[in-house]
Amino acid sequence: MSEEIYKQQQEICKLIERYAGRDGVHATSIPSLFLIRESITTEPISRVNEPSFCLILQGEKEVWLGEELFRFCPGKYIVASVDLPVTGQVIKASDDSFM
């Protein structure tokens, strides 16, 4: 990852820390924009994801779509243009504040 992208990622982390200082799903003033924070690993959760864009900034997440496993780490993203039945799990997390 380039130094410039790393700096921008850290800036986004600081902004999210200001608006999502605790675990959970946090609504914003922009309709359909949510900030999600988890400071501990989670058990697998099955659900139907609506069309969405998810940017991973810290930690790691695994997502199963049928028999296929996808692993996401900082700087990676998930895009879904249709409803998708998935199972997701945070596999790496920290209770430390964003960098």
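Counting from 1, the numbers follow the sequence of the chain as shown. Predicted model, so just to flag it, every value in this text is computed and none were measured.
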Salt bridge (charged side-chain N to carboxylate O under 4.0 Å, His left out) partners of residues 58-69, not counting sequence neighbours, each pair once: E60-R71, E62-R71

Side-chain donor/acceptor of T28 to backbone N/O of L33, under 3.5 Å: yes

Give every donor-acceptor pair under 3.5 Å between a side-chain atom in residues 20-27 and any protein atom, sequence neighbours left out.
from	atom 1	to	atom 2	distance (Å)
D23	OD1	S39	N	3.1
D23	OD1	S39	OG	3.2
D23	OD2	S39	N	3.1
D23	OD2	S39	OG	2.8
H26	NE2	R22	O	2.7

query: What distance do L55 atom CG and L35 atom CG have between them, rounded to the nearest 0.5 Å?
result: 11.0 Å

- request: To the nearest 0.5 angstrom, please state how far the OG1 atom of T41 sits from the CD atom of Q89.
  value: 7.0 Å

task: First locate atom CD of E4, then atom NZ of K7, and finally report the distance between them rounded to the nearest 0.5 Å.
output: 6.5 Å

- line: What one should report as the nearest heavy-atom pair of P74 and G59 is CD-O, 3.1 Å

Side chains of residues 46-53: which donor-acceptor partners sit under 3.5 Å, not counting sequence neighbours?
from	atom 1	to	atom 2	distance (Å)
S46	OG	T87	OG1	2.8
R47	NE	N49	OD1	2.8
S52	OG	E50	O	3.2

- prompt: Any side-chain heavy-atom pair from C13 and L57 closer than 4.5 angstrom?
  reply: yes

task: Please go through L69's hydrophobic cluster and name the other residues, only I, L, V, M, F, W, Y counting, with side-chain heavy atoms under 4.5 Å joining them.
output: W64

- request: Enumerate the residue pairs fulfilling salt bridge (charged side-chain N to carboxylate O under 4.0 Å, His left out) with a member in residues 72-92, sequence neighbours excluded, ordered by first and then second residue.
  value: none

query: Taking the hydrophobic residues Ile, Leu, Val, Met, Phe, Trp and Tyr, and joining any pair whose side-chain heavy atoms are under 4.5 Å apart, which ones share a cluster with V82?
result: I56, V63, L65, F70, F72, I78, L84, V86

- prompt: Can you find a pair of side-chain heavy atoms, one from I12 and one from Q9, that are under 4.5 Å apart?
  reply: no

